[in-house]
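Working notes for the structure below.
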Amino acid sequence: MADLEAGTVAATDLGNSTSTRSQDDASSLIPNSGNLGSSNRSTKTARFKDDDELVEITLDVQRDSVAIQEVRGVDEGGSGHGAGFDGLPLVSPSSRSGKLTSKLRQVTNGLKMKSSSKKAPPQAQLSERRARKRLDRTKSSAAVALKGLQFVNAKVGNDGWAAVEKRFNQLQVDGVLLRSRFGKCIGMDGSDEFAMQMFDALARKRGIVKQVLTKDELKDFFEQLTDQGFDNRLRTFFDMVDKNADGRLTAEEVKEIIALSASANKLSKIKERADEYTALIMEELDPRNLGYIEMEDLEELLLQSPSEAVARSTNTHSSKLSKALSMKLASNKEMSPMRHYWQQFMYFLEENWKRSWVMTLWLSICIGLFIWKFMQYRNRAVFKIMGYCVTTAKGAAETLKFNMALVLLPVCRNTITWIRSKTQIGAVVPFNDNINFHKVIAAGVAVGVALHAGAHLTCDFPRLLHASDAQYEPMKPFFGEKRPPNYWWFVKGTEGWTGVVMVVLMAIAFVLAQPWFRRNKLKDSNPLKKMTGFNAFWFTHHLFVIVYTLLFVHGICLYLSRDWYKKTTWMYLSVPVLLYVSERILRLFRSHDAVGIQKVAVYPGNVLALYMSKPPGFRYRSGQYIFIKCSAVSPYEWHPFSITSAPGDDYLSVHIRTRGDWTSRLRTVFSEACRPSTEGESGLLRADLSKAITNDKARFPKLLVDGPYGAPAQDYREYDVLLLIGLGIGATPLISIVKDVLNHIQGGGSVGATEPEVSSKAKKRPFMTKRAYFYWVTREEGSFEWFRGVMNEVAEKDKGGVIELHNHCSSVYQEGDARSALIHMLQELQHAKKGVDILSGTSVKTHFARPNWRSVFKKVAVSHENQRVGVFYCGEPVLVPQLRQLSADFTHKTNTKFEFHKENF
């Protein structure tokens with residue numbers, strides 16, 4: 001379509017409206033042009049001249065758009081022949097004259113043939129329609145234009161030309177930049193192929209054929225990429241696809257850009273289905289089967305309005321979100337430092353009062369025991385020889401006995417699960433921190449061992465050996481008539497060798513329990529790597545059977561205590577050891593019978609899903625976990641996994657991600673009994689005994705199950721609103737909660753209804769949950785297959801919108817980034833056509849990049865005032881500080897109370 005030559009424009013008010021809309025108000029329809037202005041209506045006319053021909057366009061200016069009321073050709077005398085078009089939205093021509101004049105020229109040129117003949121040729125009609133569609137820039141599409149196709153954004157090139165120039169100086173070779181280094185130079189790391197296609201498009205436009213750039217040419221490229229005008233960005237993107245520069249995109253070129261965008265965003269499945277998605281785009285943008293699409297068609301797809309669901313959600317929360325902006329979320333700058341620290345301290349106590357009183361009590365007991373024993377030996381004769389060494393050793397020994405008894409209680413899982421389920425003690429005791437408390441007590445044990453053993457070995461014994469005969473006289477009842485001849489006498493005695501062996505064994509167990517050893521984070525070159533991992537942690541922890549045995553012996557054979565009632569070690573240890581042994585015996589009997597395997601699925605991302613029959617009498621709550629042992633993998637190892645099935649399901653399921661040796665071997669032995677999935681089935685491999693779908697040559701290995709055990713997420717029913725956040729495989733306990741809420745909805749549950757407890761005799765508790773938000777963030781598109789069935793079930797059966805699902809794929813660049821623009825277009829098109837998301841394969845639309853967690857909390861806070869929100873997180877610890885801080889901020893500065901819980905094993 002040829003552009004009109006520069007002409008004159010005259011606009012007059014026809015006077016048939018109540019008021020006239022100013023040019024500034026009309027210009028607000030264009031991106032970056034200010035506020036909307038008045039909602040009044042006016043009519044304007046404009047004439048465009050091309051050589052000897054004039055075209056007059058009458059515009060109906062309304063709130064959201066400018067409609068063409070009439071278009072007619074006129075002669076120099078003012079008469080004309082018109083062609084009216086009602087209701088066609090158009091951007092006002094009153095601002096950005098250069099850009100919009102070009103657009104109006106295209107419209108006029110397309111309409112010239114219409115005005116000179118009653119029936120224009122089909123090609124002219126098609127061009128006219130395309131031009132009119134291209135001018136459909138309402139407020140919503142203008143917003144999309146502002147955000148879309150950004151080659152330079154917060155993460156790419158945002159540091160400006162100075163930083164790009166600096167990188168050029170580092171990357172240049174003989175004063176020029178190689179094409180392969182273009183992406184790194186402009187800050188687009190990790191997308192080299194996409195960056196090279198940009199390079200080719202920009203070079204092609206300028207007639208550059210060499211594969212290198214000078215600094216001036218690079219600056220010219222960068223200036224075009226940083227141009228915030230949408231039309232320029234669209235042209236750059238179009239040129240990337242239009243490799244032969246003929247102004248048309250063929251199906252093959254569209255397929256290439258789909259594959260390129262999929263590769264840049266690590267979406268292998270979209271790349272595999274590039275032919276299907278190419279056909280989808282061509283069907284939408286080339287309805288006449290011309291075999292190509294033009295830039296106007298691509299713009300139409302890019303600027304499509306948000307879906308009704310998104311728009312509806314935006315409208316619902318727009319007023320509330322604006323209200324949230326006025327909340328006192330920012331710190332008070334006028335607050336004095338002392339008052340600020342005091343406020344932070346009070347906030348800390350409010351959030352951690354359970355932990356605070358437990359830690360205070362524990363420290364008080366330890367200090368009290370130390371002082372009591374210290375003062376006792378301060379007044380004994382041995383103090384005159386050994387001095388404060390013996391008082392320190394004995395004080396540390398008393399705290400050590402207490403902590404060695406206490407350290408067993410947090411790992412008595414059955415007892416803790418029973419207490420938190422059957423009593424109200426959980427209201428004041430933080431059972432969710434049982435493992436953390438176990439670690440704190442272990443640190444107390446380490447301190448006690450260091451003080452006790454150190455004082456004896458380095459101070460007490462040498463002092464006794466060097467004591468005079470007069471000083472030794474009071475020690476004869478304890479060490480014999482004859483003074484110990486040497487240091488070895490103390491070590492080889494029962495008291496000595498038991499103490500030394502205990503110290504060595506505890507040191508080994510303590511070191512291998514540290515995260516960098518237990519999780520096998522050592523480098524491959526480290527010679528200790530083969531000695532680390534979960535197996536090393538598991539077996540060395542069981543060395544404490546020997547340690548406790550020796551501790552009993554060591555506590556009986558004391559140098560300075562002869563009376564039995566003064567040998568208190570057995571008094572400290574008897575009850576905790578008996579309780580722990582009882583727990584292990586209970587586990588042995590409860591896990592005696594193997595569970596039946598019903599179904600197995602191997603999913604992308606190395607995830608194994610196991611569906612098992614429920615053991616007799618097995619009752620659990622959503623959020624709890626079980627231990628699993630597979631003798632075919634290891635006859636001794638038990639590993640914890642969250643339950644993904646709901647209590648109302650007739651099966652028990654877990655999803656296991658292979659990360660270590662044990663889980664890798666488990667996946668291997670179950671994969672042997674599976675066969676490749678067929679079309680319509682999720683997963684890579686599947687086996688279903690109910691449908692006789694297995695590998696005939698293999699059988700499922702036996703599994704033993706122990707549990708269930710309590711976890712933080714099991715208390716979700718006590719909250720009005722749930723905010724469930726899962727990272728990767730961390731979504732497993734939260735999926736069980738989502739399913740349980742859905743089952744409650746299907747069962748006709750309502751607020752105030754009750755739910756069955758783990759035991760039928762237990763008191764029933766009310767089901768408080770009225771709303772649930774589930775945010776699942778994963779890096780891999782294949783991860784969505786893990787719980788596709790749950791997503792579809794929620795979308796189908798949750799008619800009341802109680803559960804709100806949000807899937808986020810963090811490997812895809814944020815919406816608006818040019819690298820993900822085509823993926824977003826495909827997503828909108830696929831969802832509109834088939835109601836299925838291209839990433840998750842469900843009706844739940846996937847968001848790109850990670851969520852803005854502050855916005856998430858803000859949305860929940862303003863939507864649920866004066867309510868309690870349970871924030872349940874399961875995933876990598878990197879997100880814990882941010883979520884905990886946001887929970888505290890919004891609790892203290894809004895009237896919505898957020899309570900943060902993190903899963904621990």
Would you call the rings of Trp776 and Phe774 parallel, tilted or perpendicular, where under 30° means parallel and over 60° means perpendicular?
parallel
Walk me through it: do Tyr773 and Ser863 pass the test side-chain contact (heavy atoms from CB on, under 4.5 Å)?
CA-CA 12 Å; Tyr773 300 88; Ser863 300; 4.2 Å; yes
Would you please say whether a donor-acceptor pair under 3.5 Å links the side chains of Thr842 and Asp837?
no
Sequence-distant partners of Trp853, side chain to side chain contact (heavy atoms under 4.5 Å, CB included), two or more places apart:
Ile725, Tyr775, Val777, Pro851, Val856, Leu879, Gln882, Leu883, Leu886
For Glu780, what residues pass the side chain to side chain contact (heavy atoms under 4.5 Å, CB included) criterion, not counting sequence neighbours?
Arg657, Ser783
Which atom pair, heavy atoms only, marks the closest approach of [X] to [Y]?
X	Y	result
Lys354	Gly426	NZ-O, 3.2 Å
Ala646	Tyr620	O-OH, 2.7 Å
Met612	Ile597	CG-CD1, 3.7 Å
Tyr603	Ala609	CE1-CB, 3.6 Å
Phe348	Ser356	CE2-OG, 4.2 Å
Asn792	Ser843	OD1-N, 3.8 Å

Would a distance-only check, ignoring hydrogens and angles, find a side-chain to backbone donor-acceptor pair under 3.5 Å from [X] to [Y]?
X	Y	result
Trp786	Pro604	yes
Thr896	His864	yes
Thr732	Ser642	no
Thr778	Gly728	no
Tyr709	Phe627	no
Glu781	Cys809	no
Gln827	Lys845	no
Trp357	Val428	yes
Ser840	Val844	yes
Asn434	Pro410	yes

So for atom CZ, which belongs to Arg868, do other residues, nucleotides or ligands contribute more than 12 heavy atoms lying within a distance under 6.0 Å?
yes
So for atom CH2, which belongs to Trp353, do other residues, nucleotides or ligands contribute more than 12 heavy atoms lying within a distance under 6.0 Å?
yes
Is there a salt bridge (Lys or Arg N to Asp or Glu O under 4.0 Å) between Asp650 and Lys614? Walk through the geometry before answering.
CA-CA 7 Å; Asp650 57 359; Lys614 286 185 179 180; over 6 Å; no
Any salt bridge between [X] and [Y], counting N to O under 4.0 Å?
X	Y	result
Asp740	Arg621	no
Arg771	Glu804	yes
Arg659	Glu876	yes

With sequence neighbours left out, what residues match [X] under ring pair (Phe, Tyr, Trp, His ring centres under 6.0 Å)?
X	result
His639	Phe534, Trp662
Tyr719	Phe872, His901
Tyr651	Tyr611
His655	Phe787

Less than 6.0 angstrom separating the ring centers of Phe898 and Phe857, yes or no?
yes
Let me see the working for His847 and His806 under side-chain contact (heavy atoms from CB on, under 4.5 Å), right down to the final yes or no.
CA-CA 7 Å; His847 303 281; His806 297 269; 3.5 Å; yes
If you apply the rule salt bridge (Lys or Arg N to Asp or Glu O under 4.0 Å), what do you find for Asp433 with Arg355, and how did you get there?
CA-CA 8 Å; Asp433 294 319; Arg355 300 184 183 96; 2.6 Å; yes
Which value, rounded to the nearest 0.5 Å, describes the distance between [X] atom [atom1] and [Y] atom [atom2]?
X	Y	atom1	atom2	answer
Leu727	His808	CG	NE2	11.0 Å
Ile838	Arg273	CD1	CZ	9.0 Å
Lys833	Glu283	NZ	CD	4.5 Å
Leu666	Thr658	CG	OG1	9.5 Å
Ser810	Asn265	OG	CG	11.0 Å
Ile643	Ser653	CD1	OG	8.5 Å

Is there a side-chain contact between [X] and [Y] (heavy atoms, below 4.5 Å)?
X	Y	value
Phe900	Leu723	no
Asn895	Gln867	no
Leu704	Ile628	no
Lys897	Phe890	no
Val741	Val794	no

Before giving the answer on side-chain contact (heavy atoms from CB on, under 4.5 Å), spell out for Leu742 and Glu793 the whole-Å C-alpha distance, their side-chain angles and the decisive distance to 0.1 Å.
CA-CA 9 Å; Leu742 181 63; Glu793 189 177 3; 3.6 Å; yes
Tell me, with the steps shown, if Arg413 and Tyr625 meet side-chain hydrogen bond (donor to acceptor under 3.5 Å, both in side chains).
CA-CA 11 Å; Arg413 295 185 175 90; Tyr625 65 97; 3.3 Å; yes
Could you go through Glu828 and Lys834, starting from their C-alpha distance and side-chain angles, then the distance that decides it, and tell me whether this counts as salt bridge (Lys or Arg N to Asp or Glu O under 4.0 Å)?
CA-CA 10 Å; Glu828 292 290 339; Lys834 302 179 180 179; over 6 Å; no
Given Lys770 and Val721, is the side-chain contact (heavy atoms from CB on, under 4.5 Å) satisfied, shown in steps?
CA-CA 6 Å; Lys770 300 185 289 290; Val721 181; 5.9 Å; no
Is the charged tip of Arg819 near the ring of Tyr813: under 6.0 Å from the six-membered ring centre and within 45° of its axis?
yes
Only one of Thr663, Ile729, Leu610 forms a side-chain contact (heavy atoms from CB on, under 4.5 Å) with Phe641, so which one is it?
Thr663
